Amino acid sequence: MEVQPEAFGPAGDDTSTEDTCFHCSTCRADEERSCTNSMRGRSKTRSLSASPALGSTKEFRRTRSLHGPCPVTTFGPKACMLQNPQTIMHIQDPASQRLTWNKPPKSVLVIKKIRDVSLLQPFKDLCIYLTEVNNMIVYVEKKVLEDPSIMSDDSFGPVKKKFCTFREDYDDISNQIDFIICLGGDGTLLYASSLFPGSVPPVMAFHLGSLGFLTPFNFENFQAQVTQVIEGNAALVLRSRLKVKVVKEHREKKPMIQNGIEENGVMSPSLEKDIFKQAIQYQVLNEVVVDRGPSSYLSNVDVFLDGHLITTVQGDGVIVSTPTGSTAYAAAAGASMIHPNVPAIMITPICPHSLSFRPIVVPAGVELKIMLSPDARNTAWVSFDGRKRQEICHGDSISITTSCYPLPSICFQDPVSDWFESLAECLHWNVRKKQNNFAVDEEEEF
(Lines give C-alpha, C1' and ligand atoms only; values in the text may rest on other atoms or scores of the structure.)
Protein backbone atom coordinates (compact mmCIF):
# COMPACT_ATOMS: atom_id res chain seq x y z
CA MET A 1 0.00 0.00 0.00
CA GLU A 2 1.36 3.38 -0.97
CA VAL A 3 2.05 5.71 1.94
CA GLN A 4 0.35 9.10 1.62
CA PRO A 5 0.42 12.14 3.93
CA GLU A 6 -2.58 12.90 6.12
CA ALA A 7 -4.10 15.88 4.31
CA PHE A 8 -6.40 18.50 5.81
CA GLY A 9 -8.16 20.44 3.10
CA PRO A 10 -6.44 21.66 -0.09
CA ALA A 11 -3.25 23.09 1.42
CA GLY A 12 -2.56 21.53 4.83
CA ASP A 13 -1.18 18.20 5.97
CA ASP A 14 0.08 16.63 9.17
CA THR A 15 3.36 14.74 9.16
CA SER A 16 5.24 12.88 11.82
CA THR A 17 8.81 13.33 12.97
CA GLU A 18 8.72 9.75 14.25
CA ASP A 19 8.75 6.53 12.25
CA THR A 20 6.94 4.50 14.92
CA CYS A 21 3.17 4.53 15.35
CA PHE A 22 0.36 2.54 16.90
CA HIS A 23 -1.85 0.50 14.59
CA CYS A 24 -5.47 -0.47 14.95
CA SER A 25 -7.82 -2.14 12.48
CA THR A 26 -10.41 0.50 11.68
CA CYS A 27 -10.78 1.79 8.15
CA ARG A 28 -13.40 0.36 5.82
CA ALA A 29 -12.54 -0.70 2.27
CA ASP A 30 -14.35 2.27 0.78
CA GLU A 31 -12.26 4.73 2.77
CA GLU A 32 -8.75 3.26 2.67
CA ARG A 33 -6.23 5.79 3.81
CA SER A 34 -2.62 5.65 4.90
CA CYS A 35 -0.91 8.15 7.14
CA THR A 36 2.69 9.15 6.71
CA ASN A 37 5.58 7.36 8.38
CA SER A 38 8.24 9.41 6.65
CA MET A 39 10.82 11.39 8.61
CA ARG A 40 10.65 15.12 8.04
CA GLY A 41 12.81 17.56 9.90
CA ARG A 42 11.09 20.51 11.52
CA SER A 43 11.08 22.51 14.69
CA LYS A 44 9.82 20.76 17.80
CA THR A 45 8.52 23.95 19.40
CA ARG A 46 5.54 22.92 21.51
CA SER A 47 3.56 26.16 21.46
CA LEU A 48 2.97 29.29 19.47
CA SER A 49 5.27 31.14 21.84
CA ALA A 50 8.99 30.60 22.06
CA SER A 51 10.12 27.62 24.12
CA PRO A 52 13.53 26.19 25.01
CA ALA A 53 15.08 23.63 22.73
CA LEU A 54 14.21 20.07 23.52
CA GLY A 55 16.56 17.17 23.92
CA SER A 56 17.02 14.17 21.67
CA THR A 57 14.19 12.72 19.64
CA LYS A 58 14.07 9.62 21.82
CA GLU A 59 13.75 11.62 25.02
CA PHE A 60 11.17 13.92 23.41
CA ARG A 61 9.01 10.99 22.37
CA ARG A 62 9.30 9.15 25.67
CA THR A 63 8.13 12.14 27.69
CA ARG A 64 5.26 13.14 25.38
CA SER A 65 3.86 9.99 23.79
CA LEU A 66 0.43 8.82 24.85
CA HIS A 67 0.53 5.55 22.95
CA GLY A 68 4.00 4.13 23.56
CA PRO A 69 5.99 2.11 21.02
CA CYS A 70 4.45 0.04 18.26
CA PRO A 71 3.45 -3.32 19.81
CA VAL A 72 5.32 -6.44 18.71
CA THR A 73 2.84 -8.79 17.04
CA THR A 74 4.88 -12.01 17.22
CA PHE A 75 4.11 -14.12 20.27
CA GLY A 76 6.64 -16.79 21.18
CA PRO A 77 8.46 -18.88 18.57
CA LYS A 78 5.48 -19.78 16.36
CA ALA A 79 2.52 -17.42 16.89
CA CYS A 80 1.86 -14.06 15.33
CA MET A 81 -1.06 -11.78 14.53
CA LEU A 82 -2.64 -12.18 11.12
CA GLN A 83 -1.65 -9.17 9.04
CA ASN A 84 -4.29 -7.36 7.00
CA PRO A 85 -2.66 -4.35 5.32
CA GLN A 86 -5.88 -3.28 3.62
CA THR A 87 -7.58 -2.38 6.90
CA ILE A 88 -4.99 -0.40 8.84
CA MET A 89 -5.26 3.09 10.28
CA HIS A 90 -2.16 4.63 11.78
CA ILE A 91 -2.43 6.51 15.07
CA GLN A 92 0.37 9.03 15.29
CA ASP A 93 2.34 9.94 18.37
CA PRO A 94 0.56 13.09 19.64
CA ALA A 95 3.87 14.76 20.45
CA SER A 96 4.86 14.68 16.77
CA GLN A 97 1.66 16.12 15.32
CA ARG A 98 2.73 19.39 13.72
CA LEU A 99 1.03 21.53 11.11
CA THR A 100 2.75 22.11 7.79
CA TRP A 101 1.56 23.56 4.48
CA ASN A 102 2.19 21.99 1.09
CA LYS A 103 1.52 25.46 -0.34
CA PRO A 104 0.94 28.78 1.42
CA PRO A 105 -2.75 29.05 2.40
CA LYS A 106 -4.72 31.53 0.30
CA SER A 107 -8.34 31.08 1.37
CA VAL A 108 -9.73 31.19 4.89
CA LEU A 109 -13.22 30.48 6.20
CA VAL A 110 -14.25 32.76 9.07
CA ILE A 111 -17.08 31.41 11.21
CA LYS A 112 -18.70 33.85 13.61
CA LYS A 113 -21.23 33.13 16.29
CA ILE A 114 -24.61 34.44 15.14
CA ARG A 115 -26.61 36.99 17.17
CA ASP A 116 -23.69 38.08 19.33
CA VAL A 117 -23.10 41.84 19.18
CA SER A 118 -19.83 41.60 21.12
CA LEU A 119 -18.23 39.67 18.23
CA LEU A 120 -18.84 42.29 15.56
CA GLN A 121 -15.68 44.29 16.22
CA PRO A 122 -13.37 41.23 16.53
CA PHE A 123 -14.91 39.89 13.31
CA LYS A 124 -14.22 43.14 11.47
CA ASP A 125 -10.68 43.43 12.82
CA LEU A 126 -9.86 39.86 11.81
CA CYS A 127 -11.32 40.20 8.31
CA ILE A 128 -9.46 43.46 7.68
CA TYR A 129 -6.23 41.84 8.83
CA LEU A 130 -6.73 38.78 6.60
CA THR A 131 -7.71 40.67 3.46
CA GLU A 132 -5.53 43.78 3.60
CA VAL A 133 -2.42 42.55 5.46
CA ASN A 134 -2.26 38.89 4.37
CA ASN A 135 -4.07 39.32 1.03
CA MET A 136 -6.21 36.21 1.64
CA ILE A 137 -9.57 35.26 0.18
CA VAL A 138 -12.13 35.29 3.00
CA TYR A 139 -15.23 33.07 2.94
CA VAL A 140 -18.13 34.07 5.18
CA GLU A 141 -21.60 32.61 5.57
CA LYS A 142 -24.15 34.83 3.87
CA LYS A 143 -26.35 35.27 6.94
CA VAL A 144 -23.39 36.69 8.89
CA LEU A 145 -23.19 39.64 6.52
CA GLU A 146 -26.95 40.21 6.83
CA ASP A 147 -26.44 41.50 10.37
CA PRO A 148 -27.80 45.09 10.49
CA SER A 149 -24.66 46.35 12.26
CA ILE A 150 -22.46 45.05 9.44
CA MET A 151 -24.76 46.22 6.66
CA SER A 152 -24.93 49.75 8.07
CA ASP A 153 -21.17 50.11 8.60
CA ASP A 154 -19.95 52.12 5.60
CA SER A 155 -16.29 51.86 6.63
CA PHE A 156 -16.52 48.05 6.43
CA GLY A 157 -18.11 48.14 2.97
CA PRO A 158 -14.90 47.93 0.87
CA VAL A 159 -13.74 44.92 2.86
CA LYS A 160 -17.14 43.22 2.68
CA LYS A 161 -17.14 43.45 -1.14
CA LYS A 162 -14.04 41.20 -1.23
CA PHE A 163 -15.77 38.37 0.65
CA CYS A 164 -16.92 35.10 -0.90
CA THR A 165 -20.24 34.05 0.61
CA PHE A 166 -21.95 30.68 0.91
CA ARG A 167 -25.12 29.15 2.31
CA GLU A 168 -25.23 26.03 4.43
CA ASP A 169 -26.74 22.96 2.69
CA TYR A 170 -26.71 24.81 -0.64
CA ASP A 171 -23.08 25.60 -1.49
CA ASP A 172 -20.21 23.11 -1.35
CA ILE A 173 -16.99 24.78 -0.20
CA SER A 174 -15.11 21.58 0.71
CA ASN A 175 -12.34 22.01 -1.87
CA GLN A 176 -12.05 25.80 -1.66
CA ILE A 177 -10.97 26.36 1.97
CA ASP A 178 -7.35 26.12 3.13
CA PHE A 179 -7.82 27.29 6.71
CA ILE A 180 -10.67 27.89 9.19
CA ILE A 181 -10.90 30.49 11.95
CA CYS A 182 -13.75 30.29 14.48
CA LEU A 183 -14.92 33.23 16.57
CA GLY A 184 -17.25 32.18 19.37
CA GLY A 185 -17.75 29.18 21.61
CA ASP A 186 -17.56 25.43 21.14
CA GLY A 187 -20.62 25.52 18.89
CA THR A 188 -18.65 27.28 16.17
CA LEU A 189 -16.21 24.37 16.03
CA LEU A 190 -19.08 21.86 15.80
CA TYR A 191 -20.63 23.93 13.03
CA ALA A 192 -17.33 24.04 11.12
CA SER A 193 -17.11 20.26 11.33
CA SER A 194 -20.60 19.85 9.86
CA LEU A 195 -19.64 21.83 6.75
CA PHE A 196 -17.00 19.29 5.66
CA PRO A 197 -18.19 15.73 4.98
CA GLY A 198 -14.66 14.76 3.93
CA SER A 199 -11.24 16.23 4.65
CA VAL A 200 -11.36 19.17 7.08
CA PRO A 201 -8.91 22.10 6.83
CA PRO A 202 -6.96 23.08 9.98
CA VAL A 203 -9.15 24.93 12.49
CA MET A 204 -8.01 27.79 14.72
CA ALA A 205 -10.65 28.55 17.37
CA PHE A 206 -10.74 31.78 19.40
CA HIS A 207 -12.46 31.78 22.77
CA LEU A 208 -15.21 34.38 22.43
CA GLY A 209 -18.16 32.36 23.69
CA SER A 210 -19.59 31.01 26.93
CA LEU A 211 -17.58 27.89 27.82
CA GLY A 212 -14.67 27.67 25.40
CA PHE A 213 -13.54 24.11 26.16
CA LEU A 214 -12.54 23.54 22.53
CA THR A 215 -11.37 27.10 21.80
CA PRO A 216 -7.89 27.62 23.28
CA PHE A 217 -6.93 30.99 21.73
CA ASN A 218 -7.54 34.45 23.18
CA PHE A 219 -8.25 37.23 20.72
CA GLU A 220 -6.10 39.97 22.26
CA ASN A 221 -3.00 39.00 20.27
CA PHE A 222 -4.70 37.52 17.22
CA GLN A 223 -2.39 39.06 14.59
CA ALA A 224 0.77 37.33 15.84
CA GLN A 225 -1.04 34.04 16.49
CA VAL A 226 -2.69 33.92 13.05
CA THR A 227 0.63 34.80 11.38
CA GLN A 228 2.45 31.97 13.12
CA VAL A 229 -0.23 29.47 12.06
CA ILE A 230 -0.06 30.68 8.46
CA GLU A 231 3.70 30.15 8.61
CA GLY A 232 3.13 26.56 9.80
CA ASN A 233 4.33 26.94 13.37
CA ALA A 234 1.70 25.11 15.41
CA ALA A 235 0.88 21.82 17.12
CA LEU A 236 -2.23 19.84 16.17
CA VAL A 237 -4.69 17.63 17.95
CA LEU A 238 -6.59 15.29 15.64
CA ARG A 239 -10.13 15.16 16.94
CA SER A 240 -11.70 11.97 15.63
CA ARG A 241 -15.21 12.16 14.17
CA LEU A 242 -17.96 9.61 13.80
CA LYS A 243 -19.22 8.53 10.40
CA VAL A 244 -22.94 8.03 10.83
CA LYS A 245 -25.34 6.49 8.32
CA VAL A 246 -29.07 6.68 8.96
CA VAL A 247 -31.15 4.24 6.92
CA LYS A 248 -34.89 4.87 6.92
CA GLU A 249 -37.60 2.64 5.58
CA HIS A 250 -40.35 4.32 3.61
CA ARG A 251 -43.56 2.45 2.93
CA GLU A 252 -45.67 3.63 0.03
CA LYS A 253 -49.20 2.28 -0.09
CA LYS A 254 -50.51 1.40 -3.53
CA PRO A 255 -54.10 0.32 -4.30
CA MET A 256 -54.30 -3.18 -5.71
CA ILE A 257 -57.07 -3.91 -8.22
CA GLN A 258 -58.68 -7.29 -7.69
CA ASN A 259 -59.81 -8.90 -10.93
CA GLY A 260 -59.40 -5.49 -12.59
CA ILE A 261 -62.75 -4.30 -11.13
CA GLU A 262 -63.50 -1.08 -9.32
CA GLU A 263 -66.53 -0.82 -7.03
CA ASN A 264 -68.53 2.43 -7.43
CA GLY A 265 -65.49 4.06 -8.98
CA VAL A 266 -63.40 3.34 -5.87
CA MET A 267 -60.42 1.03 -5.82
CA SER A 268 -60.63 -2.18 -3.85
CA PRO A 269 -59.55 -1.66 -0.20
CA SER A 270 -56.81 -4.26 -0.57
CA LEU A 271 -53.44 -2.46 -0.48
CA GLU A 272 -49.88 -3.49 -1.19
CA LYS A 273 -46.84 -1.74 0.29
CA ASP A 274 -43.70 -0.86 -1.64
CA ILE A 275 -40.78 -0.56 0.75
CA PHE A 276 -37.75 1.50 -0.23
CA LYS A 277 -34.85 2.67 1.91
CA GLN A 278 -33.17 6.04 2.06
CA ALA A 279 -29.67 6.52 3.49
CA ILE A 280 -28.20 9.81 4.79
CA GLN A 281 -24.64 10.23 6.09
CA TYR A 282 -23.28 12.64 8.70
CA GLN A 283 -19.88 13.48 10.16
CA VAL A 284 -20.17 14.01 13.92
CA LEU A 285 -17.55 15.62 16.14
CA ASN A 286 -19.17 15.32 19.60
CA GLU A 287 -21.90 12.72 19.85
CA VAL A 288 -24.89 10.91 18.43
CA VAL A 289 -27.82 11.01 20.87
CA VAL A 290 -30.75 8.61 20.62
CA ASP A 291 -33.55 9.49 23.05
CA ARG A 292 -37.24 8.81 23.68
CA GLY A 293 -38.35 12.19 22.40
CA PRO A 294 -41.75 13.48 23.59
CA SER A 295 -42.97 10.02 24.59
CA SER A 296 -43.54 9.23 28.27
CA TYR A 297 -42.46 5.61 27.76
CA LEU A 298 -38.90 4.37 28.24
CA SER A 299 -36.82 4.18 25.10
CA ASN A 300 -36.19 0.62 24.02
CA VAL A 301 -33.36 0.33 21.48
CA ASP A 302 -31.01 -2.49 20.58
CA VAL A 303 -27.28 -1.81 20.28
CA PHE A 304 -25.20 -4.03 17.99
CA LEU A 305 -21.39 -4.09 17.82
CA ASP A 306 -19.92 -5.52 14.61
CA GLY A 307 -23.19 -7.34 14.00
CA HIS A 308 -23.58 -8.80 17.50
CA LEU A 309 -26.31 -7.65 19.88
CA ILE A 310 -24.51 -6.37 22.98
CA THR A 311 -27.39 -4.83 24.96
CA THR A 312 -30.82 -3.29 24.91
CA VAL A 313 -31.07 0.24 26.26
CA GLN A 314 -34.13 0.88 28.41
CA GLY A 315 -34.19 4.40 29.78
CA ASP A 316 -34.16 7.91 28.40
CA GLY A 317 -31.73 7.02 25.63
CA VAL A 318 -28.09 6.43 24.77
CA ILE A 319 -25.11 8.63 23.80
CA VAL A 320 -22.43 7.46 21.37
CA SER A 321 -19.57 9.94 21.60
CA THR A 322 -16.06 10.60 20.42
CA PRO A 323 -13.28 11.38 22.93
CA THR A 324 -13.92 15.06 22.14
CA GLY A 325 -17.59 14.57 23.00
CA SER A 326 -16.78 12.71 26.22
CA THR A 327 -16.45 16.06 28.02
CA ALA A 328 -19.85 17.27 26.76
CA TYR A 329 -23.20 15.49 27.11
CA ALA A 330 -21.52 12.18 28.03
CA ALA A 331 -19.73 13.71 31.04
CA ALA A 332 -23.03 15.23 32.22
CA ALA A 333 -24.56 11.73 32.00
CA GLY A 334 -21.83 10.25 34.21
CA ALA A 335 -19.22 9.07 31.70
CA SER A 336 -15.46 9.34 32.02
CA MET A 337 -13.54 12.05 30.19
CA ILE A 338 -11.23 10.78 27.43
CA HIS A 339 -8.29 12.65 25.92
CA PRO A 340 -8.98 13.39 22.22
CA ASN A 341 -5.88 11.45 21.13
CA VAL A 342 -7.21 8.18 22.55
CA PRO A 343 -8.68 6.09 19.69
CA ALA A 344 -12.03 5.09 21.17
CA ILE A 345 -15.82 5.35 21.04
CA MET A 346 -17.82 5.81 24.24
CA ILE A 347 -21.32 4.40 24.82
CA THR A 348 -23.19 6.13 27.65
CA PRO A 349 -26.77 5.39 28.73
CA ILE A 350 -29.06 8.30 29.63
CA CYS A 351 -30.88 7.56 32.92
CA PRO A 352 -30.91 3.78 32.38
CA HIS A 353 -33.57 1.72 34.15
CA SER A 354 -30.84 -0.50 35.55
CA LEU A 355 -28.37 0.09 38.37
CA SER A 356 -25.63 -1.93 36.63
CA PHE A 357 -25.65 -0.17 33.26
CA ARG A 358 -22.40 1.80 33.30
CA PRO A 359 -20.76 3.67 30.41
CA ILE A 360 -18.35 1.61 28.34
CA VAL A 361 -15.48 2.42 25.97
CA VAL A 362 -15.00 0.38 22.79
CA PRO A 363 -12.12 0.49 20.27
CA ALA A 364 -12.17 3.06 17.51
CA GLY A 365 -13.17 1.50 14.21
CA VAL A 366 -15.82 -0.94 15.41
CA GLU A 367 -19.22 -0.56 13.78
CA LEU A 368 -22.14 0.16 16.07
CA LYS A 369 -25.71 -0.23 14.92
CA ILE A 370 -28.72 1.11 16.82
CA MET A 371 -32.29 0.06 16.06
CA LEU A 372 -35.63 0.14 17.79
CA SER A 373 -36.34 -3.10 19.62
CA PRO A 374 -39.10 -5.15 17.96
CA ASP A 375 -41.30 -4.80 21.07
CA ALA A 376 -40.61 -1.06 21.61
CA ARG A 377 -43.77 0.83 22.59
CA ASN A 378 -42.73 4.08 20.96
CA THR A 379 -40.37 5.52 18.37
CA ALA A 380 -37.04 7.18 19.16
CA TRP A 381 -35.37 10.42 18.11
CA VAL A 382 -31.77 11.00 17.05
CA SER A 383 -29.62 14.11 16.80
CA PHE A 384 -26.06 14.71 15.62
CA ASP A 385 -24.02 17.24 17.61
CA GLY A 386 -27.37 18.63 18.73
CA ARG A 387 -28.58 19.22 15.16
CA LYS A 388 -30.54 17.52 12.35
CA ARG A 389 -32.95 15.98 14.87
CA GLN A 390 -35.22 13.32 13.33
CA GLU A 391 -37.50 10.45 14.27
CA ILE A 392 -36.43 6.80 14.15
CA CYS A 393 -39.15 4.24 13.53
CA HIS A 394 -39.31 0.44 13.35
CA GLY A 395 -37.15 -0.80 10.51
CA ASP A 396 -34.84 2.24 10.59
CA SER A 397 -31.21 1.88 11.64
CA ILE A 398 -28.28 4.08 12.69
CA SER A 399 -24.78 2.83 11.81
CA ILE A 400 -21.84 4.49 13.59
CA THR A 401 -18.10 4.02 13.18
CA THR A 402 -14.91 6.07 13.38
CA SER A 403 -14.49 8.43 10.44
CA CYS A 404 -11.26 8.48 8.46
CA TYR A 405 -11.51 12.27 8.35
CA PRO A 406 -10.59 13.81 11.74
CA LEU A 407 -10.86 17.48 12.57
CA PRO A 408 -7.35 18.96 12.92
CA SER A 409 -7.63 21.48 15.74
CA ILE A 410 -4.69 23.85 16.17
CA CYS A 411 -3.29 23.89 19.71
CA PHE A 412 -2.26 26.92 21.69
CA GLN A 413 0.51 24.92 23.39
CA ASP A 414 0.22 21.16 22.79
CA PRO A 415 -2.52 18.46 22.95
CA VAL A 416 -1.82 17.51 26.58
CA SER A 417 -1.41 20.99 28.07
CA ASP A 418 -4.43 22.43 26.24
CA TRP A 419 -6.73 19.61 27.34
CA PHE A 420 -5.86 19.77 31.02
CA GLU A 421 -5.99 23.56 30.92
CA SER A 422 -9.56 23.30 29.59
CA LEU A 423 -10.49 20.78 32.29
CA ALA A 424 -9.23 23.12 35.00
CA GLU A 425 -10.48 26.43 33.60
CA CYS A 426 -13.83 25.42 32.08
CA LEU A 427 -14.98 22.39 34.09
CA HIS A 428 -13.05 23.14 37.31
CA TRP A 429 -11.89 19.52 37.35
CA ASN A 430 -10.69 18.41 40.79
CA VAL A 431 -10.85 21.93 42.19
CA ARG A 432 -11.18 21.96 45.96
CA LYS A 433 -9.76 23.67 48.99
CA LYS A 434 -6.46 22.02 49.83
CA GLN A 435 -5.88 20.26 53.12
CA ASN A 436 -3.69 22.18 55.56
CA ASN A 437 -0.27 20.75 56.36
CA PHE A 438 0.78 19.82 59.89
CA ALA A 439 2.36 22.43 62.07
CA VAL A 440 5.91 21.77 63.22
CA ASP A 441 4.86 21.07 66.81
CA GLU A 442 2.22 18.53 65.71
CA GLU A 443 4.78 16.62 63.60
CA GLU A 444 7.11 16.30 66.60
CA GLU A 445 4.36 14.69 68.70
CA PHE A 446 4.30 11.72 66.29
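Note that these values count all heavy atoms, side chains included, but never hydrogens, waters or copies made by symmetry. Everything numeric in this text was worked out from a predicted model, so none of it was measured.
Here the OG atom belonging to S409 is positioned 7.0 Å from the CG atom belonging to L214, to the nearest 0.5 angstrom.
Between I347 and T311, the closest side-chain pair of non-hydrogen atoms is not below 4.5 Å. A heavy-atom distance below 4.5 Å is found between the side chains of L120 and I150. Taking the side chain as every heavy atom from C-beta outward, W419 and P340 approach each other to under 4.5 Å. Counting heavy atoms from C-beta outward, V244 and I398 have side chains that approach closer than 4.5 Å. Using a 4.5 Å heavy-atom threshold, the side chains of C164 and I137 count as touching. For the pair V382 and V289, the minimum side-chain heavy-atom distance is 4.5 Å or more.
Applying the salt bridge (charged side-chain N to carboxylate O under 4.0 Å, His left out) test to pairs two or more places apart or on separate chains, those with a residue in residues 310-319 are R292-D316.
Take E425 and apply the salt bridge (Lys or Arg N to Asp or Glu O under 4.0 Å) test, not counting sequence neighbours, and it matches no residue. Residues satisfying the side-chain hydrogen bond (donor to acceptor under 3.5 Å, both in side chains) test with T324, not counting sequence neighbours, are R239.
Residues F222 and Y129 place their aromatic rings such that the two centres sit under 6.0 Å apart.
The minimum heavy-atom distance linking P122 with L208 is given by the pair CB-CD1, 4.2 Å.
In the model, E141 has a side-chain atom that pairs as donor or acceptor with a side-chain atom of Y191 under 3.5 Å. No donor-acceptor contact under 3.5 angstrom links the side chains of T322 and R241, judged on distance only.
Residue N378 forms a side-chain contact (heavy atoms from CB on, under 4.5 Å) with just one option from S295, C393, P294, and that option is S295. Considering F219, F412, F123 as possible partners of F206, the one that fulfils the ring-ring contact (aromatic ring centres under 6.0 Å, His included) test is F219.
Ion pairing between D178 and K106 fails under the 4.0 Å rule for side-chain N and carboxylate O. Taking a cutoff of 4.0 Å between a charged side-chain nitrogen and a carboxylate oxygen, D186 and K113 do not qualify as a salt bridge. The pair E168-R387 meets the salt-bridge criterion, with a side-chain N (NZ, NE, NH1 or NH2) lying under 4.0 Å from an Asp/Glu carboxylate O.
For NZ of K124, the number of neighbouring non-hydrogen atoms (other residues, nucleotides, ligands) closer than 6.0 Å is greater than 12.
For S403 (side chain) and Y405 (main-chain N/O), a donor-acceptor pair under 3.5 Å exists by modelled atom type. Side-chain atoms of D172 come within 3.5 Å of backbone N or O of S174 as a donor-acceptor pair.
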